[in-house]
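Values below: every heavy atom of this structure, side chains too, minus hydrogens, waters and symmetry copies. Note that the numbering runs from 1 along the sequence shown for the chain. No experiment lies behind these values; they were computed from the predicted model shown.
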Amino acid sequence: MEERMTGGKTRQELGLEGQRHLEETIGAAFQILSSMNDELCNPSFWSPSSASSSAPVGGPDTSDHAPDSAPSSASGGGGGALDLARLRYKSAVSSLRAVLVAVPCNAKEMGSEVSAFEPKVDPTEIERLEERVSELRKELANKNKHLKLLIDQLRELIADISMWQSPCSA
């Protein structure tokens, strides 16, 4: 039986909620990129002065704004979808952060219950596995010796064949 955490949620429920918030965050980030692409590809959102300005290509851009500042949509009103996507992203990220903060806190509250979820290890099973590892290492060493011998024999055979095929000097 899984221990109930703070807020009445189990670790599994917190995990599922975190996964849902992560998926929302990814979806919102994709929507931001999509909206930015739409705005950058639509010339009607560009102001006529920015197209004819003498600013260099690598000049200032709007990506330097603080995360909480809204992008300017005065150039043609194209920032609505982007603003909505940014708000959705911020909400999803804050929800995800809340879940991530709740998980370690709940693990501390569980105390010794956390170790109850760890698998029990049988000492006899460990000893048996260590013996098997030792046997496999010995077998591997023997096979490596045999392989080295075969490789050496193959080299000698190739040398003999190449000597037989070389033209004789008269």
Side-chain angles (χ1 to χ4, degrees), residues 1-41 56-59 61-68 82 85-170:
M1 183 169 109
E2 193 166 345
E3 181 83 18
R4 286 281 169 183
M5 309 271 181
T6 304
K9 292 185 180 182
T10 64
R11 291 180 79 176
Q12 185 175 14
E13 289 171 336
L14 283 173
L16 291 173
E17 183 178 346
Q19 183 177 359
R20 183 175 52 84
H21 290 307
L22 181 60
E23 289 170 358
E24 288 175 8
T25 302
I26 292 169
F30 178 77
Q31 185 61 42
I32 288 172
L33 292 175
S34 221
S35 297
M36 288 174 66
N37 186 46
D38 291 345
E39 288 188 29
L40 291 172
C41 292
V57 175
D61 59 11
T62 57
S63 63
D64 293 338
H65 290 293
D68 293 326
L82 183 58
R86 289 182 70 228
L87 290 174
R88 185 175 152 220
Y89 177 80
K90 285 181 183 181
S91 172
V93 167
S94 64
S95 299
L96 180 60
R97 284 183 180 155
V99 170
L100 291 175
V101 166
V103 171
C105 294
N106 291 331
K108 290 177 187 174
E109 291 173 6
M110 287 185 64
S112 63
E113 293 295 322
V114 173
S115 64
F117 296 111
E118 295 176 6
K120 302 293 184 213
V121 180
D122 185 17
T124 57
E125 180 72 13
I126 291 175
E127 186 177 325
R128 186 185 67 77
L129 290 172
E130 286 174 349
E131 289 174 5
R132 179 71 177 138
V133 166
S134 177
E135 292 171 9
L136 290 172
R137 283 185 179 146
K138 288 177 186 175
E139 185 179 338
L140 181 63
N142 288 336
K143 288 187 177 190
N144 281 342
K145 286 179 187 176
H146 187 67
L147 183 61
K148 185 180 181 311
L149 177 66
L150 291 173
I151 289 172
D152 289 341
Q153 289 174 349
L154 182 61
R155 282 186 185 137
E156 290 174 10
L157 182 61
I158 291 172
D160 289 344
I161 291 173
S162 65
M163 184 180 69
W164 293 335
Q165 290 181 348
S166 65
C168 295
S169 59

Legend entry - Nearest-0.5 Å distance, CG of residue L14 to CG of residue L100: 10.0 Å

Legend entry - Test applied, side-chain contact (heavy atoms from CB on, under 4.5 Å); reference residue, L96; option that passes from E17, Q19, H21: H21

Inset, instruction - Say whether, by atom type as modelled, one donor and one acceptor occur between the side chain of S91 and the main chain of R88 under 3.5 angstrom. - result: no

Legend entry - Salt bridge R128-E131, side-chain N to carboxylate O under 4.0 Å: no

Inset, instruction - Find the distance between CG (L157) and CG (D152) and round it off to the nearest 0.5 Å. - result: 12.5 Å

Inset, instruction - Of all the heavy-atom pairs spanning T25 and A92, show the shortest one and how long it is. - result: OG1-CB, 3.3 Å

Inset, instruction - Give a yes or no on this: more than 12 heavy atoms of other residues, nucleotides or ligands lie within 6.0 Å of atom CD of E135. - result: yes

Inset, instruction - Walk me through it: do N144 and K148 pass the test side chain to side chain contact (heavy atoms under 4.5 Å, CB included)? - result: CA-CA 6 Å; N144 281 342; K148 185 180 181 311; over 6 Å; no

Legend entry - Interatomic spacing from CZ in R137 to OG in S134 - rounded to 0.5 Å: 7.5 Å

Legend entry - Heavy-atom pair of closest approach, residues A85 and A28: O-CB, 4.1 Å

Inset, instruction - Please lay out, stage by stage, how L136 and E139 fare under the test side chain to side chain contact (heavy atoms under 4.5 Å, CB included). - result: CA-CA 5 Å; L136 290 172; E139 185 179 338; 4.2 Å; yes

Legend entry - Neighbour count above 12 (heavy atom, 6.0 Å) for R20 CZ: yes

Legend entry - Evaluation steps, side chain to side chain contact (heavy atoms under 4.5 Å, CB included), between K143 and L147: CA-CA 6 Å; K143 288 187 177 190; L147 183 61; over 6 Å; no

Inset, instruction - Enter the distance from L22:CG to S95:OG here, rounded to the nearest 0.5 Å. - result: 12.0 Å

Inset, instruction - Quick one: pull up CD1 in I32 and CG in N37 and give me the separation to the nearest 0.5 Å. - result: 13.5 Å

Legend entry - Point-to-point distance, once rounded to the nearest 0.5 Å, from OG1 of T124 to CG of L129: 9.5 Å

